[in-house]
Amino acid sequence: DQQVKQNSPSLSVQEGRISILNCDYTNSMFDYFLWYKKYPAEGPTFLISISSIKDKNEDGRFTVFLNKSAKHLSLHIVPSQPGDSAVYFCAASDGAGNMLTFGGGTRLMVKP
Amino acid sequence: DAEITQSPRHKITETGRQVTLACHQTWNHNNMFWYRQDLGHGLRLIHYSYGVQDTNKGEVSDGYSVSRSNTEDLPLTLESAASSQTSVYFCASSAGTSVFNRGTGELFFGEGSRLTVL
């Protein structure tokens, strides 16, 4: 059973609009969450993270929101740019080690 | 610049053959990981290591093995390749000790090795 789920395999957004990528988790021991971006033929790269002691973290156009009671997090990209087109992975850790559990990924397409 | 490299980038092999995927990092990171990426499953952990001579099984370790004889390298071996092991394999590394490093948090990934088992 997948502990981290990204229920939308793909998302298409117009340039300049907001992109919202969602992630749900089931393990209540997860306390640190990360988003990775992956371009074709490249490895994933770290984008942004959030600890469970926070409910929001911003980095430029990227903001991650965490709702612990709902076991849900989301990544907002504002404004979306064509260069943001990639696969986005949500990941979670329970803090017991350095391992991350990944979701299945969401392919974002930003149309010019 | 420090980096993490994987080889080969593409490999086609036959069922039953032994295959080794190499991973080399120059960050001097203690922690190294092997993941496989499959459609619908995202990234799944195969094996990981927290330091020299340390290896551990991940979520999907059956049919795979690793060894850690130095800090820089974590080769992944498929003892007898199966068609179900056709996938893209990513090596990753991170700083910190065996305890999760909240200061960095992230993993640094290689560019991936695409393996096809016929």
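Any value given below was found using the heavy atoms of this structure, including those in side chains, with hydrogens, waters and symmetry copies removed. Here is how names work: the chains are called A, B, and so on, in the same order as the sequence lines, proteins then strands, and each is numbered from 1.
- When heavy atoms are compared at a cutoff of 4.5 Å, B:E59 does not approach chain A at all.
- Interatomic distance, CZ of A:F89 versus CZ of B:F109, reported as 8.5 Å (0.5 Å rounding).
- With a 4.5 Å cut-off on non-hydrogen atoms, A:P44 touches chain B through its backbone and its side chain both.
- With sequence neighbours excluded, the residues that form a side-chain contact (heavy atoms from CB on, under 4.5 Å) with A:V13 are A:L11, A:R17, A:S19, A:S80, A:L108.
- Each of B:L115 and B:F33 belongs to its own hydrophobic cluster when Ile, Leu, Val, Met, Phe, Trp and Tyr are linked at side-chain heavy-atom distances under 4.5 angstrom.
- To the nearest 0.5 Å, atoms CG (A:L100) and CG (B:L43) are separated by 10.0 Å.
- Within the 4.5 angstrom heavy-atom criterion, no atom of B:R114 approaches chain A.
- Follow the hydrophobic side-chain contacts under 4.5 Å out from A:L47 and you never reach A:I20; the two are in separate clusters.
- Atom CD1 of A:I18 has more than 12 neighbouring heavy atoms from other residues, nucleotides or ligands inside a 6.0 Å radius.
- Not counting sequence neighbours, the partners of B:T20 by the side-chain hydrogen bond (donor to acceptor under 3.5 Å, both in side chains) test are B:T77.
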